[in-house]
Structure formats: C-alpha cells, structure tokens
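Accompanying notes for the structure given below.
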Amino acid sequence: MGDKEKASGEYKAENIKVLEGLEGVRHRPAMYIGSTSKTGLHHLVWEVVDNAVDEAMAGHCDTIDVTLNKDGSVTVEDNGRGIPTDPHPQYKVSTLQVVVTKLHAGGKFDKSNYKVSGGLHGVGISVVAALSKHMKVIVKRGGKKYQQEYVIGKPKYDVKVIGECDKKDTGTMVTFSPDDTIFTTTKFEFGILETRFREIAFLNKGVKIVLVEESSGKKEVFHYEGGLIEFVKWVNHNKDPIHAKPVYFVKEQDKLFIECAVQYNAGYQENVLSFVNTINTIEGGTHVAGFKTALTRAINDYANKNKINKGENLTGDDVREGLTAIVSVKVPEPQFEGQTKTKLGNNEVKGIVDSCASAAMSEFFEENPTVAKRVVEKAMEAQQARNAAKKAKDLVRRKNAFSVGGLPGKLADCSSNKTEESELYIVEGDSAGGSAKMARNKEFQAILPLKGKPLNVEKANTVKVFSNEEIMNIITAIGAGVGEQFDVTKLRYSKVIIMSDADVDGAHIMTLLLTFFFRFMPKLIEGGNIYIAVSPLYKVRKRVDHYVYSDEELKKIVAKLGGTVNVQRFKGLGEMNPDQLWDTTMNPKTRLLNRVTIEDAVKANDVFSRLMGDDVEPRKQFIAERASEAQIDI
Ligand code: 1YM
C-alpha cells in the first residue's frame with residue numbers, strides 16, 4: 001500500500017471490522033441471502049457483483065465480466081484495484097483472507113465512498129464463500145498475481161503468489177460453485193442476471209458488464225454512455241413519447257449524488273422508478289418525495305408565470321400522468337425502511353433532491369417552451385379528467401346508496417368483519433359466481449362475480465376507469481381506495497383471490513385484473529394480498545377422484561393408473577358443482593393459491609406494457625409461460 005493511498009484514507013487494513021464467524025451463515029442462510037431457492041441463489045451473484053460495482057462507483061473500475069461456466073460455477077471479474085493482499089494488522093494473515101473468511105469484513109468506512117448496501121445486499125463476499133462448495137479468488141495487484149481457494153468458506157492454503165503481471169494490470173476475479181446441499185436449485189438463469197445487469201449498467205454510465213453463458217454461447221454486453229437518458233428511453237420504448245429528448249440532470253452536493261431523467265409519454269400511467277446506490281427502492285422514500293414536490297412546483301410555476309393555467313393549481317397526480325422518470329441517488333450512509341426495506345429514510349435527501357430538481361426542471365422548461373407547453377397541457381387534461389372522474393365517482397356512490405353500507409349489490413359479502421381472516425374471491429362470470437356463492441364458507445369468504453372482460457386500464461384514461469361499474473365494484477368491495485389515497489388500514493380482506501377459468505380467456509381476465517391492481521393498488525401486490533386461484537383442468541376417477549392441473553400431470557396419472565378411464569375435462573369453473581369447486585379451489589386446506597409478487601418494478605413495468613400493448617403475440621406467450629407457475633413474480 002503506497003503512502004498516497006494511506007494519506008487519502010481510502011483503504012486501511014486496520015479499518016476492517018470483523019463482526020462474527022461464518023458458522024451462522026450455513027446454519028441460517030436465509031437470514032443472509034433471503035432464501036435458499038432461486039432468488040437466494042442469484043443473491044450470491046449480486047453479492048460478488050456488488051463488490052465490483054462499489055469499485056466502479058468509487059471510480060477505479062470500468063469493466064465487469066460475468067461468466068456462467070459449463071461446470072455450473074460462476075466467474076465474476078473486474079478491473080479495479082484488486083482486493084488488498086497485505087497482512088492484516090490484527091489477524092496477521094492476508095487482508096484478502098480476512099475479507100473472504102470473516103463475516104461483514106469491509107474496508108469502506110470512509111463516508112465519501114458510496115457502498116451498495118441495502119436490503120439484503122451488502123452482506124459480503126464471505127457469505128458467498130460460506131455457501132459455496134468451492135471458491136477461488138485471484139487478485140492482480142502491484143505487479144503480482146495472488147490466489148486463494150476455499151471449501152465452504154475455509155481456506156485450502158494461505159494466499160500465494162502464482163505469477164507476475166504488469167503493474168497497471170489490476171483486478172479481482174472470483175469463481176464460485178454454490179453448495180447444492182444448501183440450495184434447492186443451483187442453476188443460474190441468464191434472464192434474471194440480464195435484467196439486473198442492464199439496470200446496473202444504466203445506473204452507472206460508462207460501466208461495461210459482459211454476461212456470457214458458456215453452455216449456450218449466449219453473450220450480452222451492457223454498456224450505456226447515456227446512462228439514465230438511455231434508461232428512460234428504454235422504459236418508454238413501447239410507449240409514445242411526447243418529446244424526443246428526455247429532461248436530464250445530474251448533481252453532486254454535500255456528498256450526495258443525484259441523477260434524474262424524465263420523459264413524458266402520451267399514455268396515462270405514472271412510472272417513477274427510483275434507486276439508491278443502484279438498489280431499486282420499490283417503496284420510494286425521501287428522494288422520490290423531493291423529486292415529486294419539485295416537479296409539481298416547477299410545472300405550476302411555469303403554468304402560472306406564462307398564464308397557461310387559470311384558476312385551480314395542478315396536483316401531483318395531474319402532473320404525473322404519462323410521466324416516466326428515473327430518480328437515482330447515491331448516498332454514503334443510506335437508511336432503508338419499509339416493509340421490504342426498499343424505502344429511503346434519510347431526511348436530508350428530500351430537500352437537496354427538491355432544490356436540484358426544481359432548478360433543473362425550471363431551466364429545462366424555460367429553454368424548451370414547446371415541450372413545457374405540451375407537458376402543462378397534458379397535466380391540465382388530467383386535471384379535467386380528475387374533476388370529471390370525481391363527478392362520475394359521486395354518481396356511482398349515489399347509485400350504490402341503497403346497497404348495504406355502500407357495498408356493491410353484486411357482492412356476496414362474508415359475515416366476519418375481521419380483515420385478517422376475510423377473503424374476497426373475484427370470479428369470472430355469473431354462473432361460476434353462482435357456484436362459488438353456494439360453495440363458499442360464508443363466515444370468511446366473500447364473492448364478487450364479474451361480468452365479461454374487465455376494462456384494460458393501460459389503455460383508458462382516469463374518467464373511463466372510474467366510470468366503469470365493474471372496476472368501481474372491485475374498489476368499493478376492497479374498501480381501501482386507490483392510488484395515493486390507498487389506505488391499507490381500511491382493507492376489508494387480507495386475501496384478494498382472482499378465480500378465472502383455466503383457458504386463454506380466463507388468463508386474459510387474470511392479466512387485465514393484475515394490470516388494474518398493479519396500476520391502481522400496487523401496495524396490495526407489495527403487501528402480498530393478491531392471489532390467483534389455480535383450478536384443475538381434469539378430474540380422473542378411479543375409486544377416488546384425482547384433480548389434475550396440467551396436461552403433463554394428466555399423462556403421468558393416466559399412466560400410473562393404467563390407462564384412461566374416466567377422465568372429465570372441466571371446461572370452466574361454472575361446470576363444477578359447488579362441492580367440487582369447494583374441494584378444488586376454495587377450501588383453504590386443499591386449494592392451490594399463487595401469491596402475486598413484484599420482484600422488480602422495472603421488469604414488472606415492462607411486462608405490463610408489453611402485455612397490455614397492441615401486440616397480441618407477447619401476451620399469449622406470457623400467459624402460456626406464467627399461468628401455471630407456482631409463484632408469479634411479475
Ligand atoms: C469480483 C469481485 O471484490 N472487487 C474489489 C473489492 C475490493 C476492492 C477492489 C478494494 C477496496 C478498497 C481498496 C477500499 C474490496 N476491498 C475490501 C477491503 N470484485 C471485488 N475491488 N482497495 C481495493 O474499499 O478501500 C473489501 S472489498 F476491505 F479489503 F478493502
């Protein structure tokens with residue numbers, strides 16, 4: 001370590017704090033990586049790549065290579081400074097060994113460095129070592145190549161020099177094979193890695209990430225010099241932008257780094273994606289609050305100054321119709337809050353983002369009056385639509401005045417008023433609705449039958465949405481309101497279960513409803529309150545009844561039972577008698593429910609836009625792929 005490095009305080013071996021041993025990691029892996037399923041497995045890659053990204057954010061690295069090797073292992077290589085290898089003052093072994101074998105060992109205590117450490121990220125490379133049956137690290141630093149190997153986190157030998165290299169050639173290479181006694185699957189998926197790496201590359205402009213899958217020869221390079229400008233265009237790629245050039249600003253103030261890109265499209269949905277140290281903050285937080293306040297103020301100021309909007313001010317909802325925005329901040333010491341620990345809590349961030357965004361937006365509007373005018377006009381349309389929608393809502397409310405407690409007439413409510421035990425079944429068609437009403441347990445199951453296909457909210461403006469009777473029935477039945485007014489304490493059911501036929505029409509209805517929930521009640525999805533009931537396709541009778549959920553399963557069962565017999569195909573839920581419906585789809589003891597979760601807002605948004613766009617093919621494909629999955633990660 002040179003004197004220069006010491007003086008700048010970037011890395012001091014004695015700064016590495018060691019909290020505890022690694023035994024606990026193998027004992028309770030889920031505590032460190034969330035789960036031992038597919039999601040947890042991919043966390044291992046995020047952990048290692050995060051280290052390389054930290055190095056890139058600190059300005060020392062510009063290329064990260066990730067290779068899925070033929071033998072099932074993964075290699076992550078960066079061209080940063082290389083993990084330090086000098087002896088650690090306390091442990092008297094190489095710092096590299098301390099970093100890999102001790103939990104939470106990290107040297108980045110200097111707050112001028114941004115570190116990826118939120119949610120489950122940031123537990124460190126030691127966790128990866130502990131959960132791998134084999135790991136190898138090679139470091140190039142100071143003209144030498146060092147190596148050490150580990151078996152379930154334990155070093156096989158001391159760090160050794162294995163060769164020389166150019167002094168300027170530096171970096172870290174980590175190869176690991178996940179332990180198959182810990183994980184339910186050890187197969188990495190190109191698609192999952194691709195989505196996250198694209199996001200990382202957008203958020204760290206200039207950083208190049210190369211993903212290669214050796215077995216298939218697939219290769220993707222993620223490298224965006226335009227950063228968030230390209231990100232916002234990419235999110236809008238299947239929408240219709242109302243201005244070609246996104247609004248863009250970047251600012252560094254008080255060790256806080258802020259970057260934003262904004263582009264309006266002709267649609268009606270609001271889409272603000274936010275990140276803190278490249279972590280997707282699904283629940284928003286102070287950075288998003290600051291941005292939203294600034295946007296509303298800047299647009300109102302412009303409209304008032306230029307006398308475009310007379311009278312009533314535009315609200316936040318008005319100015320965000322058709323808005324796509326990426327808000328990315330880098331904070332030295334982020335505080336994460338919320339249910340999924342994806343909400344930024346640092347109070348100081350709000351004001352700084354607000355003032356930066358205000359200045360940048362106002363400047364952009366002054367310089368681009370045509371765009372500014374279009375944006376204001378769009379917000380004014382939203383304002384008119386909102387006022388019309390309010391009238392429509394009042395009308396619906398009055399219409400419903402004669403039904404019990406303002407609830408929709410079609411709702412067969414349950415008798416319990418305890419949210420935690422109550423369930424709402426949204427059922428396709430009146431005939432299935434009728435069977436469901438007979439089949440249900442009245443105590444805690446409510447039934448809301450739907451007439452025909454629900455409205456595609458992706459393609460409708462707010463007036464249309466709020467004057468749609470079926471949609472209003474769903475909103476009133478659930479009871480918690482929509483959008484920013486959504487109040488989870490008013491929720492009337494803890495489970496909202498979509499029950500549609502196991503055919504293409506049923507799957508279409510399901511996606512239309514999911515789109516509605518995603519756009520208008522995303523908190524219900526985030527809170528894990530939305531479920532899809534999986535109903536059987538066949539009944540095979542031989543002494544006892546077997547309910548069968550797929551064609552594949554049918555083949556197996558028929559083979560096992562020794563030839564067909566008695567196979568009944570259910571054409572729809574309405575064809576089942578109430579007993580069958582109860583047994584297969586409604587009895588909490590025997591039914592199969594898929595919980596709908598939002599894993600990644602960026603991916604979800606893309607999926608929904610593609611799903612609900614004009615192109616029919618991707619929709620069919622999605623439905624075919626996803627409809628029967630055990631867990632739907634939109
Ligand atoms: C493929 C994974 O781990 N790269 C990496 C890690 C470190 C450094 C550089 C680094 C950091 C610092 C100084 C510093 C780490 N160093 C440490 C510790 N890639 C990968 N590249 N010099 C090098 O933070 O000051 C932990 S990670 F603690 F040793 F400094």
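Here, residue 1 is the first one in the sequence, and each next residue gets the next number. All ligand and atom numbering here is 1-based and tracks the order in the structure.
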Contact region, Val48 to ligand 1, non-hydrogen atoms below 4.0 Å, reads both
Is the Lys NZ or Arg CZ of Lys160 less than 6.0 Å from the centre of Tyr157's six-membered ring, within 45° of the axis?
yes
Which option out of His60, Glu47, Arg141, Glu55 puts a heavy atom nearest to atom 22 (N) of ligand 1?
Arg141
Need the ligand 1 atom indices (1-based, order shown) with element for anything under 4.0 Å from a heavy-atom of Thr95.
29 (F)
Please identify which atoms of ligand 1 are closer than 4.0 Å to at least one heavy atom of Asn51.
3 (O), 20 (C)
Using a 4.0 Å heavy-atom cut-off, say whether His88 meets ligand 1 through its side chain, its backbone, both or neither.
neither
Check each of Val137, Val99, Asp54 against atom 17 (C) of ligand 1 and report the one with the nearest heavy atom.
Val99
Check this for me: does any side-chain nitrogen of one of Glu225 and Lys205 sit under 4.0 Å from a carboxylate oxygen of the other?
no
Of the listed options (Thr75, Asp78, Ile83), which comes nearest to atom 6 (C) of ligand 1 when hydrogens are ignored and any heavy atom counts?
Ile83
Taking the six-membered ring of Phe190 as reference, does the cationic atom of Lys218 (NZ for Lys, CZ for Arg) lie under 6.0 Å from its centre and within 45° of its axis?
yes
Report yes if the side chains of Leu228 and Val232 come closer than 4.5 Å at any heavy-atom pair, otherwise no.
no
Answer yes or no for Gly171: is there a heavy-atom contact with ligand 1 below 4.0 Å?
no
